[in-house]
Asks: 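Pasting a structure here, questions to come.
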Amino acid sequence: MICTNCSSSNFRLSRFRWRDLERLALLQYPIRCRNCHERTYGGVMLALYLAQSRRARRRKRTAASK
Ligand SMILES: [Zn+2]
């Protein structure tokens with residue numbers, strides 16, 4: 001999965017909107033390129049992976065602040 005705009009493979013989850021529901025029915029989730037901020041869609045497996053890595057970073061930051 002690479003960005004169609006800049007060929008980067010560095011993505012984060014995009015904010016979910018109601019109109020994304022029809023994409024979700026096709027097992028696609030909105031993601032945004034970290035490099036050029038292009039909004040596109042990725043598979044739900046990629047979205048789950050991005051969601052997990054986001055949680056991991058948040059947990060690390062919480063631990064560091066204690
Ligand atoms: Zn890009």
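The structure presented is a predicted model; accordingly, all values stated were derived computationally and were not measured. Indexing begins at 1, ligand by ligand and atom by atom, following the structure's order.
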Asks: Quick check on Y49: does its OH atom have over 12 non-hydrogen neighbours (other residues, nucleotides or ligands) under 6.0 Å away?
Replies: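 For Y49, atom OH is not crowded (no more than 12 foreign heavy atoms under 6.0 Å).
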
Asks: Between M1 and T40, what is the shortest heavy-atom contact and its length?
Replies: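 Nearest heavy atoms, M1 then T40: CE-CG2, 4.1 Å.
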
Asks: With sequence neighbours left out, write down each residue that passes salt bridge (charged side-chain N to carboxylate O under 4.0 Å, His left out) with R39, or none if nothing qualifies.
Replies: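 Listed in chain order: D20.
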
Asks: Nearest heavy-atom pair of Y29 and S14: which atoms, and what distance?
Replies: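 What the structure gives for the nearest pair is CE2-O, 4.3 Å.
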
Asks: Between R34 and F11, is a side-chain contact (heavy atoms from CB on, under 4.5 Å) present by the stated rule, with each step listed?
Replies: CA-CA 5 Å; R34 285 181 185 274; F11 291 101; 5.9 Å; no

Asks: Show the numbers, then the answer: is there a side-chain contact (heavy atoms from CB on, under 4.5 Å) between I31 and Y41?
Replies: CA-CA 5 Å; I31 55 177; Y41 292 90; 5.8 Å; no

Asks: Relative to the Zn ion (ligand 1), how many protein N, O or S atoms have a separation of less than 2.8 Å?
Replies: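 Protein N, O or S neighbours of the Zn ion (ligand 1) under 2.8 Å, waters not counted, come to 4.
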
